[in-house]
Amino acid sequence: MTKLLLSLHVLAAILAVGPVAVAASMFPPFARKLFANTGEPAGQNTAQSTGQNTAQNTGQGTGEPEARPSGGPTAALLLHRICRVYAVLGVAVPVFGLATGSQLGVLGDAWLVTSMVLTVLAAALLGAVILPRQARLLGAAGIGLDEGESAPRVPDPRAAAARLAMATGAFNLLWAVVVVLMIVRPGSTTGA
């Protein structure tokens, strides 16, 4: 049973946390492109801003080859959605981790307690800082707003994207430390 739980824990970490780490890291450069040079949202039509697929922006039905997305609003929105969805799926990581730790009898070990604290910090950073800042930058660019909803004001979007990149770096660093703790297990008596 322990091997199954450990396998599920590792798979959940790879398949849930990995995409969040990558997508969150990719988001800030795309957000900066949304406000290229002016600090104002780059001139995108509504279909592109909302991610809708139309013949006009894909070349379909026009006899022209289909245009490949080069970034911009559609990519930024997709990266934000990946972060939101996989953040929810990422809850499986500590659930399987706690079950595995319980089976191994190591829930009180310092390396595991430290890993749990760092996991909570990473989750809080993602939920309270990274996802809301991504949504705010998208909203300031007029992307993902509901009908009649006004765009939030972001005084310096490029600086906001840079701060988001720093928060994302801290999130990724927290997960890197957790991975090292899981592998090295300092002070563990269950072997390394």
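Sparse packing is recorded around CE of M26, with 12 or fewer heavy atoms of other residues, nucleotides or ligands lying under 6.0 Å away.
Counting heavy atoms from C-beta on, the side chains of C83 and L131 come closer than 4.5 Å. Two residues are said to be in side-chain contact when any heavy atoms from C-beta on lie closer than 4.5 Å; R158 and D156 meet this criterion. Put simply, the side chain of D109 does not reach to within 4.5 Å of the side chain of L104, judged on heavy atoms. Side-chain contact between P157 and L137 is present, with heavy atoms from C-beta onward closer than 4.5 Å.
L107 and M116 get closest at one heavy-atom pair: O-CE, 3.9 Å.
In this structure, the separation between CZ on F30 and CG on L78 is 9.5 Å, given to the nearest 0.5 Å. A distance of 7.5 Å separates OG1 of T168 from CG of L125, quoted to the nearest 0.5 Å. Taking CD of Q134 as the reference point, atom CD1 of I82 lies at 10.0 Å (rounded to 0.5 Å). Taking CG of L4 as the reference point, atom CZ of F96 lies at 8.0 Å (rounded to 0.5 Å). To the nearest 0.5 Å, the span separating CG on L126 from OH on Y86 amounts to 14.0 Å. Note: L8 CG to K3 NZ = 14.5 Å, rounded to the nearest 0.5 Å.
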